[in-house]
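Model, not experiment: these values are computed from the prediction. In listed order, ligands and their atoms are each counted from 1.
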Amino acid sequence: MTKAPNELTIVEAAKALQAKELTVRELWDACAAAAHAKNPELNAFLEIFEADDAAIEAAQKRIDSGEAPMLCGIPLAIKDNILIERHIASAASKMLENYTATYDATVISKLKEAGALFLGRTNMDEFAMGSSTENSAYGASKNPHDTSRVPGGSSGGSAVAVAAHLALGAYGSDTGGSIRQPAAHTGLVGFKPTYGAVSRSGLIAMGSSLDQIGPFGKTVEDAKILFDTIRGADALDATSTAADFYKPKAAGEKMRIGVPRHRLKEGVEADLLATFEAALEKLTAAGHTLVDIELPTSGYALPVYYVIMPAEVSTNLARLDGIRYGLAKRGETLLSDYVESRTAGFGAETRRRILLGTFVLSSGYIDAYYRKADRARHVLTAEYDTAFEDCDVIAFPTTPSPAFKFGEKSDPVSMYLEDVFTVTANLTGMPAISVPMGSVEREEKQLPVGVQFTAPKGGEERLFTIGKVVTD
Ligand code: GLN
């Protein structure tokens, strides 16, 4: 059975475009039609863009000339916290409901240069805070594998757009797992680059020392193409680097996979753990070796993240004060201008994190909370560096459980526990990938689950190599 154009992978679509079996217009129309048909149910997009005729024609010309990059003419979905000039970028918040970007994020400039097309901006948890998209001010996105369940978050809309075949690929941001976790819940490959490998210029900041933009793809190859197009040092982001420190292993060279079994003894659902073991067996069958490793401090990663991240959130969101830009409410005094604007503009989770962050940075508590968490972050990073002396990558299940039901994790701490295996990559700045490892059954539905691999900084190529072994 031949696939519809919107169901192709990026590699398949690029080949079909080059072979003249498909035109850029046909590909765009197929994706746009699917997006318009499915979005009322799935709520993947906050806005589906009109066709950009000039961009479509330019992409077709480049393909016809035989000189086109892989992403030329490919319709992509972009998380609503990445700026695209002259489009709204709201971060799924009422605060920025009418904020129109005045410039392109660096990743968008690079994608435009590559001839990629933008299908629309995708739904997310407000300011990227959450693990389900239920914190969006515009309603949650739904998981196409079971619409009574969340797609994960915070980049849930981007994941749904690809998993439901509305876009061929998508970008999200990952501060504590927001690409890998929704990728796992929707059966996709999700990749969080080394901190600094991708410019953050034009990304609406959540936690500046943790945030990275990264891709969602249907395959490891697609994710790699999407990443390679946006990577690189950028004069507009002083924290960006070339991030190419590790030579890829030569084709066929075997890797040592570290498995911290002491972390998997409790909290992970039994059938998901069995799927994880099966994925590891596949790796050993392919000649890679497993190494038992200990990460004694890694159990503290989640509380450390939930101190450092809100501290940075409270600082980054201070600029949204009703005066400079964004929603503006006027009260009797300057203070009431602030209070009324921020009360009307921010949702409950955003307010919770601003309060938490302000507390951990306050003069009486900064030593007890923020500074202690920052020290623990360094200890954790050193522990991972040591572990990587004995292994090339570290394996974890991406999440402790498959996609959950709407409203199931209404208590914030149970939602935060979703991130137990993902936050470490952000705290240490290391790259991590989630690839599909199979599915588990819940209420007669097959729900995808993911395996996560982490590499030392700059070790992205190892992750693509090992990810391919699991998925091929
Ligand atoms: N779920 C995590 C949080 O709520 C991660 C968010 C993210 O990566 N943007 O903070």
Side-chain angles (χ1 to χ4, degrees), residues 78-82 91-93 122-136 140-141 150-159 170-185 190-193 195 198 200 203-216 301-317 346-357 360 373 377 398-401 403-404 408-434 450 452 454:
I78 307 292
K79 190 175 182 178
D80 191 36
N81 59 353
I82 300 173
S93 178
T122 56
N123 200 10
M124 55 185 279
D125 287 296
E126 184 178 22
F127 288 106
M129 294 186 252
S131 310
S132 68
T133 74
E134 289 165 292
N135 296 334
S136 167
S141 302
V150 305
S154 65
S155 316
S158 288
Y171 289 94
S173 64
D174 191 311
T175 304
S178 283
I179 295 173
R180 290 159 285 155
Q181 186 252 15
H185 285 344
F191 179 61
K192 196 289 280 184
Y195 183 74
V198 174
R200 289 179 295 113
L203 170 68
I204 298 175
M206 177 179 159
S208 304
S209 78
L210 306 157
D211 298 340
Q212 272 294 283
I213 296 172
F216 289 90
L302 197 66
V304 167
Y305 171 78
Y306 274 94
V307 172
I308 290 177
M309 172 275 297
E312 296 188 13
V313 162
S314 70
T315 313
N316 276 324
L317 297 192
F346 291 139
E349 182 61 24
T350 304
R351 278 184 258 156
R352 179 179 298 118
R353 297 199 192 192
I354 292 172
L355 289 174
L356 267 173
V360 301
R377 180 182 192 177
T398 310
T399 59
S401 51
F404 46 92
E408 194 180 317
K409 300 199 191 260
S410 50
D411 133 59
V413 175
S414 70
M415 186 72 86
Y416 299 167
L417 282 168
E418 265 290 298
D419 309 326
V420 64
F421 297 136
T422 48
V423 295
T424 316
N426 305 77
L427 289 170
T428 60
M430 293 173 183
I433 196 168
S434 176
Q452 174 184 228
T454 310

> Between Ser155 (side chain) and Ser178 (backbone), is there a donor-acceptor pair under 3.5 Å?
Replying inline: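 Present.
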> What is the ring orientation for Phe127 with Phe346, classed by angle as parallel under 30°, tilted 30 to 60°, or perpendicular over 60°?
Replying inline: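 Aromatic pair Phe127/Phe346 classed perpendicular.
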>> What does the 4.0 Å heavy-atom contact list look like for ligand 1?
In response: Ala128, Met129, Gly130, Ser131, Ser154, Asp174, Thr175, Gly176, Gly177, Ser178, Met206, Tyr305, Tyr306, Met309, Arg353, Asp419
>> For residues 171-180, which residue pairs pass the salt bridge (charged side-chain N to carboxylate O under 4.0 Å, His left out) check, not counting sequence neighbours?
In response: Asp174-Arg180
> So how far is it from Asn81 CG to Leu203 CG, rounded to the nearest 0.5 Å?
Replying inline: 5.0 Å
> How long is the span from the OG atom in Ser434 to the CZ atom in Phe216, to the nearest 0.5 Å?
Replying inline: 9.5 Å
> Can you name the one residue among Thr133, Thr350, Asn135 that meets side-chain hydrogen bond (donor to acceptor under 3.5 Å, both in side chains) with Glu126?
Replying inline: Thr350
